[in-house]
Amino acid sequence: MRWGMAIELKRCIGCNACVLACKAEHFVPPQMFWNRVLIGEKGKYPQVTKLIYSVRCNHCAEPKCVKVCPTGATQQREDGIVWVDDEKCVGCRYCMVACPYQMRQMYEEEDAQYFPGQELTEHEKIGKLLYPHTPGVVQKCVFCKERIDSGIAQGLTPGVDRDATPACVIVCPTKAIHFGDLDDPNSEINRVIKEKHAHAFHPEFDTQPSISYID
Amino acid sequence: MVTKAKDKPAKDKPVRGMSVKGNPEIWDDTWVKSTCGGCYGTCTIRAHRVNGVIIKIEGEPDNDFGSRGGLCAKGEAMIQALYDPNRFNYPMRRTNPKKGLFEDPQWKRISWDEALDEIAGHLKRIRAENPNKLLHGGTPSAGSGPDLPLGFGVFGAVFGTKNWYVGGAGLHCGSGSHMGAGLYHASWSIVPDFKYCNYVIQMGSNKGTGSGHSMGFNMRLSADARSRGMKNVVFDPICNFGGGKATEWVPILPGTDAIIALAMTNIILNELNVYDAEFIKMKTNGPYLIGPNERYIRDKETNKPLIWDPVDNKAKTFNDPTIKDFAILGEYTVNGVKAVPSFQLVKDHVKKYSPEYAEKESTVPAATVRRIAKEWADAAMIGATIEIEGEKLPLRPVASVMFRGGQGHTNSAMSYCAMCLLNAIVGAMDVPGGTLGWPAYVEGHPDTGRYKVIPYPCRDGMLTAGTFMEHKPWPVEESKVPDTVLMKELVPTASFSPHPVTSDFQKYWDNLGRPYEIEMAMIFGANMVRSTQNREIAEDFFKRIPFIVSFNILPNEFCEGFADIMLPDCHPLETYCLFSSHGPFFNYPIGMEGWDFPIRQPVVKPAYERRNKVEALWDLADRIGMREEMNNYYNVYFSSFGGEALISGDIASVRDVKQIDPSKITVLIKPEEKITYQEMMDRAFKFYFGEDKGLDYISKAGTIHWPKKAKEAYWRWYVDVRIPIYMEHIAELRDGIIENAKKPGMELEWEQFTPLISYFPAQVAREETKEFDLYSFSYRDILHNGTYTMEIPWLDEVSQLNPYTYNITMNAETAKKKGLKDGDLICLESSYGRKTTGTLKTMQGQHPKTIAISACSGGWAKGAPIAYGKGTNFNILLESDAKHACPVCWSQETATMVKVYKIDHRIEYDGVGGKKL
Ligand code: SF4
Ligand code: SF4
Ligand code: SF4
């Protein structure tokens with residue numbers, strides 16, 4: 001089993017719902033992003049194309065971050081998910097340097113507030129209970145492993161059932177993001193990847209990402 | 001659904017469908033179905049509440065009213081809007097007697113009773129003197145819930161004021177498009193039929209990529225269409241949201257869309273000689289005979305318009321059952337005068353719009369216009385049919401659409417109608433694949449036949465909307481000497497009026513002898529000085545009003561500068577709302593997407609002393625002895641969806657409910673009753689959908705859902721109505737308008753009152769000089785809506801990551817020529833001396849003669865610290881007067897010529913007492 005995503009660029013409109021769904025799902029602190037929408041353009045006036053890429057940790061099959069982590073905090077699960085164990089992370093930032101996609105961020109400012117200088121909102125307060133963050137460690141997308149694990153435990157299928165599928169996937173209003181098992185030749189995601197010729201973002205980084213894009 | 005008191009603790013219970021890392025005690029884990037208040041889209045949502053706090057919002061996967069499970073970022077961010085610590089929690093009184101853009105209100109908390117007593121005191125006096133002294137309105141602004149008609153509309157109508165000031169008169173809306181969509185589709189706006197359409201032309205519109213209308217289902221359906229290969233040609237000065245998803249982006253100068261549409265029409269009719277003759281004969285006034293006076297030639301006896309039957313070789317009334325065929329070309333003699341079918345006139349008239357002329361005005365190469373016209377006409381597949389659910393229907397898989405950008409100019413009405421004409425000549429209107437209005441034809445719920453809206457023909461056979469909430473052009477009202485401060489009575493085709501917030505209003509009012517003064521304003525939602533026209537013009541008007549009441553969730557520039565009493569409104573996540581689900585003509589999913597009547601209900605109880613604003617209005621009505629009349633009005637309102645539209649026109653202008661035959665009115669609320677908002681909803685649901693479908697049912701179900709019939713989705717050929725490709729009503733109005741404009745002394749561009757859809761250069765183009773050489777405009781950003789989204793931290797964070805949202809953009813080559821580069825602080829100065837500043841970001845994807853600002857940023861309210869100083873307020877640059885408004889629909893000119901130069905600080909913040917920038 002290896003979880004992966006395929007993102008259809010023709011569908012994506014750059015609405016950033018995927019970014020905020022992730023923020024809501026994990027109570028991601030201010031100025032921290034587990035995913036982003038990169039906006040740019042290519043071509044010269046008047047032949048111009050706008051570029052929009054929804055990006056997050058690629059959960060690479062050959063993760064450079066895992067290799068450099070001196071404590072074993074950054075690790076890869078059998079299902080391909082790369083994650084950081086807060087308890088083991090010492091904040092050395094080697095992984096941040098090693099990740100060619102720059103998908104990792106250090107969480108330093110424990111007291112950061114969404115409304116600086118004002119009281120914490122009820123929403124921020126409950127976040128500290130439901131999904132506490134440890135300061136001084138590196139954070140990144142965890143492919144919603146909690147959703148996948150609890151979903152599978154309930155007999156649900158990630159990529160098919162909402163409660164077992166990453167938050168950024170189900171929120172997408174254009175259904176741009178496909179999610180599923182890359183090891184299963186019959187999975188919907190493999191069908192889409194094949195039919196629509198999905199390709200990696202920056203294949204030259206040579207890490208075999210689990211996320212691919214469809215032009 | 002409200003938060004219950006603590007249930008028994010259930011430690012270790014997992015939270016359903018949510019990542020949890022901690023181990024908290026969970027005593028409430030509830031999903032509540034409702035609708036989003038992030039924009040006009042009102043997508044259906046399910047909100048996840050844990051321990052009394054909303055932690056997540058998801059799109060509702062089980063119905064069509066939205067993106068089927070998805071949501072946009074604004075919707076997701078509503079959680080932070082709800083919990084913003086800057087919100088109003090109690091009624092507040094201004095203690096600073098001074099009013100002005102940058103004044104600090106020095107709020108002092110007061111009780112609801114004190115607030116309502118004081119407001120009622122003013123209302124009572126004004127109602128006795130002259131109700132028109134009350135100006136009321138706002139916008140159904142997102143963030144505060146769109147209870148516009150049920151609350152303020154009914155309140156004002158019953159109170160008796162005709163001064164109903166809504167929207168920014170086209171600034172963030174579409175005066176021309178609402179007028180045109182009403183005329184041609186009996187609807188509020190239009191959408192391509194994404195399911196079947198193969199070729200879309202968008203003119204300054206953002207369907208599915210940014211526009212707040214129908215956002216959820218548009219995002220979903222347009223993505224499906226792009227994915228299956230629909231061609232999407234976008235005429236737009238910027239390649240950002242709409243243009244960014246185009247298969248072909250065509251840069252164009254602002255305000256010139258009409259000439260593109262007309263040149264294409266010319267090529268199609270006169271070069272390619274292609275058109276849907278059947279549609280023109282049966283569905284338009286193309287066969288109506290026009291006399292030398294530009295008017296219909298009418299039957300002497302019946303006064304009906306005449307057509308020419310080429311088989312019997314004689315003139316007949318347009319709906320004569322003996323008609324064998326309709327002549328749409330040629331020239332005849334009837335009643336002793338030359339009689340020409342209007343289609344022939346239109347066809348001849350557009351000959352002057354050559355692609356070369358279009359190129360000169362718009363900069364779009366003539367060859368491009370020619371090619372696109374040809375491609376589009378070919379793609380229209382005139383004559384093709386499709387079978388849907390057993391019904392054989394015309395298939396016209398092409399659509400041309402326009403919204404705010406294309407028609408936000410002084411040629412607004414003509415631009416929009418020109419775009420509609422393009423659809424009309426190929427018959428691509430409310431048929432599969434074509435341009436669809438928001439659903440205008442509802443046969444009603446299968447159990448009751450209610451919630452029914454059916455368009456019908458006027459006496460001349462023209463399409464008339466079946467709902468009172470739609471622009472209802474027929475019969476066209478007569479022009480009158482204005483007696484309201486909106487002055488709209490002068491030009492009955494106007495949608496929203498920029499008056500009285502204009503620099504020339506006082507002059508007209510003086511000339512009219514100042515019939516009365518506005519002594520009080522009641523404004524809900526909205527930001528009347530930041531999201532509408534130039535803030536100094538607005539300041540000048542609002543400063544004069546002695547008493548202003550504002551309902552809002554959050555401090556904004558208008559409340560701080562001008563409100564005497566602030567009433568704390570509920571956020572959409574903490575209140576009931578009926579209107580958000582109310583109106584197929586507005587925002588409903590198109591095509592064969594099902595009917596849904598979703599509920600908005602509180603996910604959490606309103607905190608502090610926030611109140612549902614409609615209930616607060618009822619309290620006011622009680623205090624001034626007006627509740628009975630409001631109850632009666634509600635009965636008419638709901639009964640109007642019972643099978644027959646009992647009232648017509650825009651709700652606030654309807655005052656004659658007393659004349660309606662009482663046997664047609666179902667009494668849902670007895671005059672003397674004092675019910676709650678929930679009770680009213682319960683009764684409305686039961687009336688529409690049956691006794692078993694009250695509030696309890698719909699609260700759990702989230703929506704009343706029933707399938708749409710092909711006949712409803714694609715109603716055009718099922719209703720015997722026609723549309724005006726020749727706008728005879730405008731010719732009819734012209735002389736009256738010219739006459740009635742004399743008294744106020746208003747000069748409008750009279751040439752635009754022509755029945756032939758034409759191109760007129762926009763005011764912005766007339767102001768181009770060597771010095772003021774750049775067209776500046778603003779455009780919709782998908783992250784924002786109105787001004788209040790700027791105050792939401794999540795949206796602010798992603799806006800900062802976006803290269804364009806908070807910056808001023810211009811073409812890289814143009815910037816270079818002017819010695820400007822990315823990151824420069826620049827000033828935009830209009831030829832009227834208005835200035836605004838911001839940071840430059842250059843792009844390739846922008847017309848070299850333009851400079852652009854996205855969304856409505858540049859906040860200066862002290863009570864909205866997240867929004868403070870972010871981005872640039874474009875509207876500062878705009879003029880607001882009769883010269884800068886479309887004479888026909890009164891949309892404002894939303895683009896202006898500027899010069900641009902480097903500057904050392906944000907001058908528009910000079911007067912602001914807050915943080916210096
Ligand atoms: S939610 Fe979907 S459409 Fe929006 S930015 Fe993310 S991937 Fe693109
Ligand atoms: S998969 Fe989950 S953790 Fe990763 S970006 Fe998406 S929402 Fe965030
Ligand atoms: S489109 Fe509008 S209504 Fe729909 S989720 Fe976004 S903000 Fe809410």
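Residue numbering restarts at 1 for every chain, and letters A, B, ... go by the order of the sequence lines. Bear in mind that the values here come from a model prediction, so they are computed numbers and not experimental data.
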**Region of B:N218 that comes under 4.5 Å of a non-hydrogen atom in chain A** = neither
**Region of A:E25 in contact with chain B, defined by heavy-atom distances below 4.5 Å** = both
**Message:** Can you tell me which portion of B:Q846 sits under 4.5 Å from chain A's heavy atoms? Options are side chain, backbone, both or neither.
**Reply:** backbone
**Asked** Checking B:D224 against chain A: side chain, backbone, both or neither under 4.5 Å from a heavy atom?
**Response** both
**Prompt:** Between A:L9 and chain B, which part of the residue has a heavy atom less than 4.5 Å away: side chain, backbone, both or neither?
**Reply:** backbone
**Asked** Would you say A:E195 has more than 12 foreign heavy atoms packed within less than 6.0 Å of its CD?
**Response** yes
**Asked** Considering only heavy atoms, which portion of B:H48 lies under 4.5 Å from any heavy atom of chain A: side chain, backbone, both, or neither?
**Response** neither
**Item:** Heavy-atom contact with chain A under 4.5 Å, split by part of B:F217
**Value:** neither
**Fill in**
Assert top hit (heavy-atom pairs under 4.5 Å, partner chain A, pool B:A77, B:G22, B:P85, B:G59) equals B:P85
**Request:** Check whether the side chains of A:T74 and A:R104 place a donor and an acceptor atom closer than 3.5 Å, and report yes or no.
**Result:** yes
**Request:** Measure distances from B:I79 to the heavy atoms of chain A and classify the residue's part below 4.5 Å as side chain, backbone, both or neither.
**Result:** side chain
**Fill in**
Interface check, chain B: of A:L156, A:L120, A:V48, most non-hydrogen pairs under 4.5 Å belong to A:V48
**Asked** When the aromatic ring centroids of A:F179 and A:F143 are compared, is their separation below 6.0 Å?
**Response** yes
**Item:** Cation over ring face, B:K841 and B:Y806, 6.0 Å, 45°
**Value:** no
**Request:** Return yes if a side-chain donor-acceptor contact under 3.5 Å exists between B:R780 and B:N785, otherwise no.
**Result:** yes
**Request:** Return the orientation label for the B:W794 and A:Y114 ring planes: parallel under 30°, perpendicular over 60°, tilted otherwise.
**Result:** perpendicular
**Request:** Let me know if B:E791 has heavy atoms under 4.5 Å from chain A in its side chain, its backbone, both or neither.
**Result:** both
**Asked** With only heavy atoms counted, which part of A:D86 is less than 4.5 Å from chain B, the side chain, the backbone, both or neither?
**Response** side chain
**Asked** If you count heavy-atom pairs under 4.5 Å with chain A, which of B:L783, B:D796, B:D781 comes out on top?
**Response** B:L783
**Fill in**
If one checks every heavy atom of A:V171 against chain B at 4.5 Å, the contacting part turns out to be both
**Request:** Could you look at A:I39 and say if it's the side chain, the backbone, both or neither that has a heavy atom under 4.5 Å from chain B?
**Result:** both
**Request:** Tell me, for A:Q31 versus chain B, whether the close heavy atoms (under 4.5 Å) come from the side chain, the backbone, both or neither.
**Result:** both
**Item:** For chain A, the option from B:N86, B:I792, B:V50 that forms the most heavy-atom pairs under 4.5 Å
**Value:** B:N86
**Prompt:** Is the centre of the A:W34 ring less than 6.0 Å from the centre of the A:H26 ring?
**Reply:** yes
**Prompt:** Centre of B:Y868's six-membered ring, under 6.0 Å away, within 45 degrees of the axis: is that where NZ or CZ of B:K862 sits?
**Reply:** no
**Request:** Evaluate the side chain to side chain contact (heavy atoms under 4.5 Å, CB included) criterion for residues A:I52 and B:K245: first the C-alpha distance (whole Å), next the side-chain angles of each, then the deciding distance (0.1 Å), finally the verdict.
**Result:** CA-CA 10 Å; A:I52 311 171; B:K245 296 314 291 181; 4.1 Å; yes
**Fill in**
Cut-off 4.5 Å, heavy atoms of chain A, and the answer for B:N240 is both
**Request:** On the 0 to 90° scale, with breaks at 30° and 60°, tag the A:Y45-B:H847 ring pair as parallel, tilted or perpendicular.
**Result:** perpendicular
**Request:** Among B:T209, B:V250, B:D84, single out the residue with the greatest number of heavy-atom pairs under 4.5 Å to chain A.
**Result:** B:D84
**Request:** Please flag which part of B:I54 lies under 4.5 Å from any non-hydrogen atom of chain A: side chain, backbone, both or neither.
**Result:** backbone
**Largest heavy-atom contact set with chain A, pairs under 4.5 Å, which of B:G244, B:G66, B:A812, B:P793** = B:P793
**Request:** With a 4.5 angstrom heavy-atom cut-off, could you sort out which part of A:E122 is near chain B: side chain, backbone, both or neither?
**Result:** both
**Prompt:** Quick one: are the ring centres of B:Y83 and B:H571 less than 6.0 Å apart?
**Reply:** no
**Asked** At a heavy-atom separation under 4.5 Å, does A:P116 approach chain B through its side chain, its backbone, both, or neither?
**Response** side chain
